Structure formats: structure tokens, C-alpha cells
Number of protein chains: 2
Amino acid sequence: MPDNPNPTATRRSVGITQVASHAGVSPGTVSNVLNRPERVATETRERVEAAIRELDYVRNSSGSSLRSGRSDCVGLLVLDVTNPYFTEVARGVEDEAVDAGLAVLLLNSAEEHTRQERNLRLLAGQRAAGAVVMPIDDDLSDLRWLSKQGIPWVALDRGDVPTEEGCSVSVDNEAGGLAAGRHLIGLGHERIAFLTGPFSIDQVHRRHLGLTQAVSEAGLDPDTALDLVHVPQLNPEQGEKAVDAVLAGGPRQRCTAVFCANDQLALGFLKGLGRRGLRAPDDISVMGYDDIDVAALVHPGLTTVAQPKYKLGRTAMSLLQGHFDNPEHRHERRLFTPEIVLRGSTAAHRP
Amino acid sequence: MPDNPNPTATRRSVGITQVASHAGVSPGTVSNVLNRPERVATETRERVEAAIRELDYVRNSSGSSLRSGRSDCVGLLVLDVTNPYFTEVARGVEDEAVDAGLAVLLLNSAEEHTRQERNLRLLAGQRAAGAVVMPIDDDLSDLRWLSKQGIPWVALDRGDVPTEEGCSVSVDNEAGGLAAGRHLIGLGHERIAFLTGPFSIDQVHRRHLGLTQAVSEAGLDPDTALDLVHVPQLNPEQGEKAVDAVLAGGPRQRCTAVFCANDQLALGFLKGLGRRGLRAPDDISVMGYDDIDVAALVHPGLTTVAQPKYKLGRTAMSLLQGHFDNPEHRHERRLFTPEIVLRGSTAAHRP
DNA sequence: CACCGTGATTGAAACGTGTCAATGACAATC
DNA sequence: GATTGTCATTGACACGTTTCAATCACGGTG
């Protein structure tokens, strides 16, 4: 790291031209060293590289992407930066991007349409190489617009994107619900509550379908074996508030297990239980969905359905790379199967 | 949103020139409409705006920042994208940036020197307008390099940055430790364990100083009233493993409260307690530090020292803005005072 | 009527890079 | 020795925007 004797920030920025004259070659050669090193003779290349180091040159990516038309930036549009589910995905996307020499522009739609639209416009303005996006709903018009701008994208957690429209990476929510149901039924539970948000959220709707299927295949009647408890949002507060509703269990016999559509709900539920002096799994078995980090941290540990979040992110990013320099790329739909993680919050039903 | 009849992505991108000819004006005028609308007559401005809408023009930021020298991107370099502490800060930075019409490039140093350096080079390449950085240690040479590149920055969570070098925003860790100590002592605890990582981490070292001060001012002898338990990392696993060490309490009488340097440690500790059939606060009072979301989610709720994370992020970003178009800006150091959040994990000591 | 001032618009010149046809050097082949 | 081919390098232009001096139109003033 060459120390500039001048203490104040150097104003004139050093460009490809300065490097060229310092190395006694033409700007074109410097550009070649940077982009296609194999085309330039070893001796000159080393001279140029020395000049780059001496002048502490760093390539101006504005100029670069203006000329070449492509940028080394990809966008990642998430629904909520603070949600641990998304950050794990983000880590996967980032790691894969770093390996490919790409920078990740993290954008947050905060589940608002206007912000989603604004952020996509921003990506278009950057002429980003591509985008990994978690759409806030099943309206694809924003993404179609992005395609029209020539920016490829991969949808995350949206299994319902037609392959003519774009790539998607998601987890089989029905399989997840099914596995959860089988687990609880296998433990002897015959009255199960499903604590969930509105079914307009496709993901939780599918989890319910899977759960119902598990009940049916066990020879139980979904109408009596399943208890549906709806809350407006999938957050801990709602989970805590729902304890009474779940324990009441309607006019019929009280349920012995609750499957929450989401870990956040489940954690809130566990807390609510504790407040009332009750415990999982002694008083009721509790299951979550997602396997966020905290699920392992509470006592008892939360049995849950794990989504391969990190892998989801990496896969999305690598799928996106398939689009680059390859206009005739066919879109793909990748579906992962979730896995049950057994912890202490579920146990066999003692009749 | 004008629907292009051509189903395939439009290849030729529409630029300022297309808009100009479509509106019957010169490119310069279009640029003026975009950047200094007040200079152009209302009538022509409306015509240009109509053209922009009709052609669905979006400004190419590469061209823009190449010419103008400034970019509308700021970098945010965090130590760990998945850490809830940082994501909350990130949200603050982002909100403030959005308000200022800036995009945030989120970068992750993963606590590695090489990655920190690479990410800062990337920002320099983008000619970013500025950067909010959480440095991985007290070595400022990378940041000095950034300054030399003409990119202003604000350090986060590093109170020890001299104001000649740059701005910083941080929280008073000594005050936090002091407040925690006073709280526990006020509850009657006279033997307190401090569960912590290595003191080479400046933040936790300062928290310990505060704690010691609280003990002294209460007329207790730090040597006998404080019990130091060191673990290599500040994560939940270490917290869980440390339970035995804390409960053993050395040759002297067992401590009745534990102050963890970090919520993650505290949560692990709580889990470890549960595993052994013990409970906070009945068997031991437990305090954390940070007030991450989950702290409110466990049962009992974790009493902790809250850092104003969101505000920290917003402040850093607004401080950064002070640098723009203002080369003679004087650096500032902003110090926040943390606040105790009382929950269920601490209680009065019953002798 | 000539002159000036004001406000709106224009045209051309950059910004730093990638690309590509053209040039040059030099060895191999006929 | 003339021709061809290969490989390394060069020079000039283009990408889309901003900027700024120059131009133009037009109403007011002397």
C-alpha cells in the first residue's frame, strides 16, 4: 500500500489513462490487462500490473458498465431486512455472488407495493446484471416490467411463477405441512390446532393442505381432528394472544398439539404458555415452521420444519447466473423439500 | 404503464436522446428537466415529462455518475448480515437513505480482514457517495485509504475513532455496564458473575469497567463481589456451556446473578438453565446486553441493556450526509446512552 | 429604432471505460 | 525474397449523461 506523501485526499482520480502512460503503453492495453489478461504478453502485463499497484488504481465501474452495458451488481429485494429468515437467505445469495465476483445491492420492500416498485426502478437505473426478488404478492406485473428492461430475475419463495415468465426457487410447503402432520399424528395426537395467518398468503395455505392430507391418510376426519385458529399477522404478539383461543378448542374436546404456520407465531405461543404457568410439551405439544436460529435457543427447543434458507439463496443466485450472456436460457423452477427438526417442544400424547 | 406490443424484451434501451427527439427538444433540456426542473418553462417541462412516461424512460445511473462524478449509492459494511443487532441498524440506515433518495449497497465483512478490504475497494470502484462502516477492529488503515479515495465514512460502534480521522456513532458501553450493575445491586445481589468474551473486544471490556464501578460505588469489594467467566465467543452455544462455570462460582459462595456481555450469551445461558431444571429468576437472576428482538420472546423475558440500534443507523446515515457537497465538514463523535429494559429474568435476591 | 437584460434552450465537449478494426513485428512457408 | 500467418499492441470511437458557454426570442428602456 503506497503511502501518498500528500496528507489531504487526492482530488484527481487516477484512471486507465494515467496507468497507461505510467507503464508506457496505450490505454487499450491496460483495459486488456484488466479484462482479457491472456491476450497480452507476460512482460507488458507485469509492467502494467506494477503501475496499477503503484498508482493505487481502482477501476471506475461507472465508466465500465456504461461502455460494456453490463454491471457487476445484482439486486436482492427482500420483504423485511430484519426478519431472520430473509437474512439467512441473503447470506446465501451474497456468498454465491462474491464467488462470482458480483456485488449485492440489498433492497427492502418492507412489504409495500410502492417500495417494491421504486426499488425495481432503481435496479433498472443501475442496469443491474440481475435480481433475486421475493415478491410481496402474486402480482407479477412489476417483474414483467423488469424483464422488459432486459434485467433477468429469479423469484424466491414463490412456487407459483409460471416457467414462461421466469425462474423460481421455493420450498414445497405442502410437503412441509404433510411432514409436520405425520410427526404429530405419529406421536398419538388426534386433535391438532393449526395456528395460522390468512390463507391469502399462499405459503401458509399450502401448509394447511399438507396438514389436512396427513390427517386424512391417517384415517381421521379433518373436520373434527383439525382446529383452525386464524390470526391477522404471523408475528410473536399474535402467537401469544392466540393461546386462549387454541386452548379453548371450541365446543369439542381440547386439542393436544398445535402446529403454528411460522416460528414467530410458535415462539409467541410458547411465551404465552409460560405466562400462564403452562409448559410445552407437558401441557400441549407445539410445532413451528422455518427453523429460525432462535428456535434452537428457547427452552424447550422448538420442533419445527426447517427450510434450507441458505441453500435457497445460493441456488437462486446461481440460477440467476444462468441468464448472463445467455439470452436463450430456459427458465427453471427449483423446488426444495423441507425437513423436520426434532426438539423438545413436541412429545407423545398420553391419553 | 404502456404495454409494448413486442413480446420479447426490448433490446435497444431508451435514453435521454430518444426522449428529447420524442418531445421535440434537445437532450440538454431533458437533462434539465431531470435535474433542475425550475430552469425549464412549465410548458416544455410537461411535454418532456409526458415523453418520459410514454417511452417508460429510466435514467441510466452509470452515465449519470460517470459524468457528474457523484453516485447516489452509499455503502453499509456490517460485520454479519445475519446478526439481528446489525439488521436493526441496517434498517435505520436504509430508512434514512431512502428519505435522502440514496440507495444502500449492503456489504458483509463476515469479520474477515480480506473481505472488509475487498468490500471497501468495491465501494471505491463504485465511487460511492459515502459509507457507513462497522470496522472489524481498531485498525483504521483501511478507512484512511477510503478517505484518500475521496469517499467519506462514518464508523459505527467504535467510540475510539479520533475526530480528526472521521465521524463515529456509538453507544456508551461503560454507562451500560454501570446501569446493569446498579440494577442488580439494587435488587440486593452481592455476588455477581460477568459472563463475557475476551477483553480484546473493546465493547465488552468497557461494559466490565462500568460494572466494576457500580460495585465500587455500592461499597462492595470488586474482587469478592465480582466473578469473571470468560468464553472465547459471544454466541449462544458458549452461553449454554458456561452455566456450570457460573454456578460453580469458584471457591467462594455461589453468585446470585449473572450479567452476560451480550444477549446471545444470555439466551444460551437461559437455555442451559432450563436443561438443568433451573429457572431464572428463581435460581439465578440473568441479564443480557443489546435487547435483540428475541429477548422479549423467551419466557421469562430477558432483562437487558437496550441499545438504540435503529437510531444508531439513522444517525450514522444523517451524519454521513453532512459530508456531501461540504468538503470542510468537521468530523463528529456521537455517543448514545443505553437504557435498561426490565423483564422477568431478574428479581430481588432473597437471602 | 437601437440597445440591453432576462430567461429558455441548444450544441458540443467531456467523464472513464470497452471494443474492434487496423497496424506492426516477426517467424514460417513456398 | 516474396507471401502468408500469428500474436501483441494501438488508436479512435461510442456508451448516456451532465455541464456550460453560446445562442435565441422577446419585452422593456433610453
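Every chain is numbered from 1, with letters handed out A, B, ... down the list of sequences. This one's a predicted model, so the numbers in the text were calculated from it and none came from an experiment.
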Exercise for the section: Using a strict 4.0 Å threshold on nitrogen-to-oxygen distance, state whether R115(B) and D142(B) make a salt bridge. Expected result: no
Handout entry: Pairing of R91(B) and E94(B) as salt bridge, 4.0 angstrom limit
Key =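 Judged by the 4.0 Å cut-off on N to carboxylate O distance, R91(B) and E94(B) do not form a salt bridge.
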With the side chain of [X] defined as its heavy atoms from C-beta on, choose the nearest nucleotide among [options].
| X | options | value |
| --- | --- | --- |
| N32(B) | dT10(C), dT9(D), dG18(C) | dT10(C) |
| S68(A) | dT10(D), dT17(C), dG18(C) | dG18(C) |
| A41(A) | dG11(C), dG18(C), dA8(D) | dA8(D) |
| T17(A) | dT17(D), dG18(C), dT17(C) | dT17(C) |

Give one of base, sugar-phosphate or nothing for [X], where a contact means two heavy atoms less than 4.0 Å apart.
| X | value |
| --- | --- |
| R127(A) | nothing |
| S31(A) | base |
| T44(B) | sugar-phosphate |
| T29(B) | base |

Using only atom types and a distance under 3.5 Å, with no angle test, would you say the side chain of [X] pairs donor to acceptor with the backbone of [Y]?
| X | Y | result |
| --- | --- | --- |
| R333(A) | G159(A) | yes |
| R45(A) | V33(A) | no |
| Q18(B) | G15(B) | yes |

Exercise for the section: On DNA chain C, check which nucleotide each of G63(B) and R39(B) is closest to and give me the residue with the more 5' one. Expected result: R39(B)
Completion exercise
Between G28(B) and G28(A), the residue closer to the 5' end of DNA chain C by nearest nucleotide is G28(B)
With a 4.0 Å limit, can you tell me whether [X] has a side-chain N or O closer than that to the phosphate oxygens OP1/OP2 of [N]?
| X | N | value |
| --- | --- | --- |
| S13(B) | dG16(D) | yes |
| N60(B) | dT17(D) | no |
| S64(B) | dT17(D) | no |
| R70(B) | dT19(D) | yes |

Practice task
Report yes if some heavy atom in the side chain of L140(B) is under 4.5 Å from a heavy atom in the side chain of R158(B); otherwise report no.
Solution key: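 No, every pair of side-chain atoms sits at 4.5 Å or beyond.
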Practice task
Would you indicate whether the side-chain heavy atoms of H323(B) and W153(B) approach each other to under 4.5 Å?
Solution key: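 Of all side-chain heavy-atom pairs linking H323(B) with W153(B), none is under 4.5 Å.
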Problem - Donor-acceptor pair (no angle test) under 3.5 Å: R67(B) side chain, dA14(C) base - result: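 Answer yes: a donor N or O sits under 3.5 Å from an acceptor.
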[X] [atom1] to [N] [atom2]: how many Å, rounded?
| X | N | atom1 | atom2 | value |
| --- | --- | --- | --- | --- |
| L66(B) | dG18(C) | CG | C1' | 13 Å |
| I16(A) | dC15(C) | CD1 | C1' | 13 Å |
| Y57(A) | dG16(C) | OH | C1' | 8 Å |
| R45(A) | dC7(D) | CZ | P | 16 Å |
| R36(B) | dT9(C) | CZ | C1' | 13 Å |
| E38(B) | dT9(C) | CD | C1' | 15 Å |
| Q126(A) | dT17(D) | CD | C1' | 14 Å |
| E43(B) | dA8(C) | CD | P | 12 Å |

Fill in the blank from the handout: the helix from dC1(C)-dG30(D) to dC30(C)-dG1(D): angle between terminal helix axes, five bp per end, to the nearest 10 degrees, reads 60°
Practice task
May I ask you to check whether S62(B) and S65(A) show a side-chain donor-acceptor distance below 3.5 Å?
Solution key: yes
